[in-house]
Amino acid sequence: MTIQWFPGHMTRARRQIEEKLKLIDVVFELLDARIPSSSRNPMVDEITGSKPRLVLLNKADLADPDRTAEWSRYFRDKGLAVHSIDANAGTGVKELAGKAKELLKEKIDRQIAKGMKPRPIRALIVGIPNVGKSTLINRLAGRNVAVTGDRPGVTKGQQWIRSGGELELLDTPGILWPKFDDPVVGFRLAATGAIKEDVLHIDEVACFMLKVLVEEYGAALTERYGLEELPAELPDMQAAVEMLESIGRRRGCIVGGGHVDYEKAAGVLLRDLRSGKLGRITFEGPAAEKYK
Ligand SMILES: Nc1nc2c(ncn2[C@@H]2O[C@H](COP(=O)(O)OP(=O)(O)OP(=O)(O)O)[C@@H](O)[C@H]2O)c(=O)[nH]1
C-alpha cells in the first residue's frame, strides 16, 4: 500500500524504528533489486546507526541478473553485506540465518567463549512500502502470519516470530519512506509498483519506461509487442508516445474514432513489466544514473 509521507509521519516512523533497534541484533534492509537506489531510503545509514546490517536485494527473480551482480559488488565495496533473494518463491531465504550469524560472528564467539549458549539472532526487516517485507516475514516464519507494518501513530505490541532455531523476527517491519522529489526516482518507484499510479500520470510513467526499455531491453519489446526496427534510443517524449501508440494499436487499446487509449496502453505495458512478462529488467545501475 502507498503511504503519503509528511514530515510528522517521517519523524514518527523513524522514532518507531529507533525503538525497535534496541530490541534486535541485526537489520535486514530490503531493497527492490530492480531499483536498489530508488527503493533505498537515503537516511537509512543514519537511522539504523551502528547496528549490523544485511542488504537484501529482493524480487531478484524480476531483475536483470547481471545488474544484480553489479549492485551486489557496489554494496560490498561500500562495506555492506549483501544477498539477493526472491521472497515470493523463497530463493535465497534459507541462507539468511547463516548470513546474519556471519555478521555477528565476533559477538557470538565471545558468548561461546564465556560458556554461554547463543540465543537466536533477533532481526528487524526494514524497507519502503511494497518491497516485500510481509512476504519475507511469512517465508521466514514458514507460515502466514498477520503482518501489520506500523503505520505512524498506530502502536502495537511487539511479537517475535521464530524462523528455524537460529533466527527470530519482529513481526512489525520498519517502514521506511522512499524519497521521490527527483521525478526520475518517482517514475522508477511507480513502474515497480512502490508508489501508486495515481501519484503520477500512468502514461508518463510508461513513456519513461519505454525509454529505458528501448535502450537496454529492446528485444523484449520486439518479442512481446511485435515492434520491429527499434531505434537505438528514444530521443524525446514524443518518440516515446509514438511507441506507446504502436503498442496500444497492437494490443487493441482503441477508443472511439480509432484513437489509441494511451492510459490503457500504458496499463498493458506496466502490468507486463511488473509481472516479468517483458523479461528480467533492472531500471538503474550503480555506475551511471543514465536515465536522468
Ligand atoms: N516477483 C516477486 N514478487 C514479490 C517478491 N517479494 C514480494 N513480492 C510481491 O510484492 C508485493 C508486495 O509484497 P508485500 O510483502 O506485501 O510488501 P510489503 O513491503 O510488506 O508492503 P507494505 O505492507 O505496503 O509495506 C506482493 O504482491 C508480493 O507477492 C519477490 O521476491 N518476487
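We number each residue from 1, following the sequence as shown. Only heavy atoms go into these numbers, but all of them, side chains included; no hydrogens, no water, no symmetry mates. Computed from a predicted model, the values in this text were never measured in an experiment. Atoms within a ligand are numbered from 1 in the order they appear, just like the ligands themselves.
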> Do I175 and ligand 1 have an N or O pair less than 3.5 Å apart?
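Checking ligand 1 against I175, no N or O pair falls under 3.5 Å apart.
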> Spell out, as yes or no, whether a donor-acceptor pair under 3.5 Å connects the side chain of K264 to the backbone of G248.
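Judged by distance alone, no pair lies under 3.5 Å.
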> State plainly whether one hydrophobic cluster holds both V212 and I247, where clusters connect Ile, Leu, Val, Met, Phe, Trp and Tyr through side-chain heavy atoms under 4.5 angstrom apart.
yes
> I want to know if ligand 1 touches P129 in the polar sense, i.e. an N/O pair below 3.5 angstrom.
no
> Just which atoms of ligand 1 are under 4.0 Å from any heavy atom in A87?
6 (N), 30 (C), 31 (O)
> Quick one: look at D86 and ligand 1, take heavy-atom pairs under 4.0 Å, and tell me if it's side chain, backbone, both or neither.
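Both the backbone and the side chain of D86 come within reach of ligand 1.
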> Determine the sole option in V260, D272, L269 for which the side-chain contact (heavy atoms from CB on, under 4.5 Å) test with R251 is passed.
D272
> Taking 4.0 angstrom as the limit, do D45 and R53 come out as a salt bridge?
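R53 and D45: salt-bridged.
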> Determine, stepwise, if the pair H83 / L96 fulfils side-chain contact (heavy atoms from CB on, under 4.5 Å).
CA-CA 8 Å; H83 182 54; L96 291 188; 3.6 Å; yes
> Below a 4.0 angstrom heavy-atom separation, can you tell me which part of L62, side chain or backbone, both or neither, approaches ligand 1?
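Side chain only; the backbone of L62 stays clear of ligand 1.
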